[in-house]
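First the structure, in the form of structure tokens, and then the observations on it.
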Amino acid sequence: MVRQALFSGILIGLGAMGFLALGGIPGAIIFGFGLIGVVLTGCPLYTGKAGCTNDIPALVQIWFFNIVACTVIGLMVAALGGESMDRAVSAVASRFAQGPLRSFIRAIGCGMIIDIAVWLYREKKSMLPIIFGVPLFIVCGFYHSVADVVYLVGAWKWDDAILWYYPIIVIGNYVGCNVRRVVLPKEGF
């Protein structure tokens with residue numbers, strides 16, 4: 001599972017890097033590469049698994065190796081500099097400016113969209129929820145705890161706000177990923 005979790009982190013990291021390179025709607029669309037790669041390879045992603053497992057130790061392990069891979073991608077963003085790094089700095093500043101409550105709500109929204117998109121892919125074998133879901137969470141301004149590591153590291157600037165921000169995003173994604181399980185407990189239509 002370690003290698004697969006690292007690989008899904010690489011996929012999401014590359015999607016986030018593509019978003020930073022392009023920005024806007026084109027960047028949001030190209031970000032979809034990451035989640036498409038995750039569902040096609042079957043590699044575990046924190047937000048893809050949080051809504052379908054009760055195995056918290058395994059989920060923590062997936063999350064950890066997802067963010068290790070995204071840290072490496074974030075270091076690439078920082079090393080390359082330019083517009084991608086500038087966009088990472090801007091993204092991080094705007095996230096911290098939201099404060100804890102709004103950040104938590106934004107993380108819940110992302111968790112819901114990613115969980116539903118992955119679940120629908122598994123149930124219906126359709127890429128449409130992935131193709132539309134990824135740009136949707138970005139356009140809505142929602143926060144993804146794995147991809148955000150690319151932005152946080154890529155910005156290459158320490159801020160104490162990371163200490164409240166990042167745990168809130170991880171927990172908010174988990175809450176959002178479990179909304180479907182509460183509303184549709186039998187996992188069916």
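Since the model is a prediction, treat every value here as computed from it, not as a measurement.
- Considering all non-hydrogen atoms of both residues, Phe7 and Cys43 come closest at CD2-SG, 3.9 Å.
- Met85 contributes atom CE, which lies 10.5 Å from atom NZ of Lys157 (distance to the nearest 0.5 angstrom).
- Looking at heavy atoms from C-beta onward, Trp156 lies in side-chain contact with Leu75 at the 4.5 angstrom threshold.
- Atom CD1 of residue Ile62 and atom OG of residue Ser8 lie 7.5 Å apart, to the nearest 0.5 angstrom.
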Please report the C-alpha distance between Phe137 and Phe132 in whole Å, then the side-chain angles of each, then the deciding distance to 0.1 Å, and finally whether the ring pair (Phe, Tyr, Trp, His ring centres under 6.0 Å) criterion is met. CA-CA 9 Å; Phe137 94 75; Phe132 289 102; over 10 Å; no
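- From Tyr143, atom OH reaches atom OG of Ser103 across 5.0 Å, with rounding to the nearest 0.5 Å.
- Taking the ring centre of Tyr121 as origin, the terminal cationic atom of Lys125 falls inside the region bounded by 6.0 Å and 45° from the ring axis.
- The environment of Arg122 atom CZ is dense: over 12 non-hydrogen atoms of other residues, nucleotides or ligands sit within 6.0 angstrom.
- Between atom CG of residue Leu35 and atom CE of residue Met127 there is a gap of 8.5 Å, rounded to the nearest 0.5 Å.
- With a 4.5 Å cut-off on side-chain heavy atoms, Ile12 and Val38 count as touching.
- Note on Val134: it clusters hydrophobically with Ile131, by side-chain heavy-atom contacts below 4.5 Å among ILVMFWY residues.
- With contacts defined as side-chain heavy-atom distances shorter than 4.5 Å, the pair Tyr46/Tyr174 qualifies.
- Side-chain contact between Tyr166 and Val149 is present, with heavy atoms from C-beta onward closer than 4.5 Å.
- Here the closest non-hydrogen pair linking Ala117 and Pro129 is CB-O, 3.4 Å.
- In Ile162, the CD1 atom is crowded: over 12 heavy atoms of neighbouring residues, nucleotides or ligands sit closer than 6.0 Å.
- Using a 4.5 Å heavy-atom threshold, the side chains of Pro44 and Met1 count as touching.
- Side-chain heavy atoms closer than 4.5 Å link hydrophobic residues (I, L, V, M, F, W, Y) into clusters, and following such links, even through other members, never connects Met76 to Val89.
- A distance of 10.5 Å separates CD1 of Ile108 from CD1 of Ile171, quoted to the nearest 0.5 Å.
- The two residues Cys52 and Arg181 have their closest heavy-atom pair at C-NH1, 4.0 Å.
- Nearest heavy-atom pair, Pro100 versus Ile168, reported as atom, atom and distance to 0.1 Å: CB-CD1, 3.5 Å.
- Side-chain heavy atoms closer than 4.5 Å link hydrophobic residues (I, L, V, M, F, W, Y) into clusters, and following such links, even through other members, never connects Phe19 to Ile29.
- Nearest heavy atoms, Gly154 versus Ala88: C-CB, 3.9 Å.
- A pairwise comparison of heavy atoms in Ala28 and Pro135 identifies O-CG, 3.7 Å as the closest pair.
- Taking Ser145 as the reference, Asn173 meet the side chain to side chain donor-acceptor pair (under 3.5 Å) condition, with sequence neighbours excluded.
- Considering only heavy atoms from C-beta on, Phe31 stays 4.5 Å or farther from Leu22 through its side chain.
- The distance from atom CZ of Arg106 to atom CG of Leu101, rounded to the nearest 0.5 Å, is 11.0 Å.
- A donor-acceptor pair under 3.5 Å is absent between the side-chain atoms of Thr53 and the main chain of Lys49, judged by distance alone.
- Each of Leu11, Val118, Val146 was compared with Leu45 under the side-chain contact (heavy atoms from CB on, under 4.5 Å) criterion, and only Val146 meets it.
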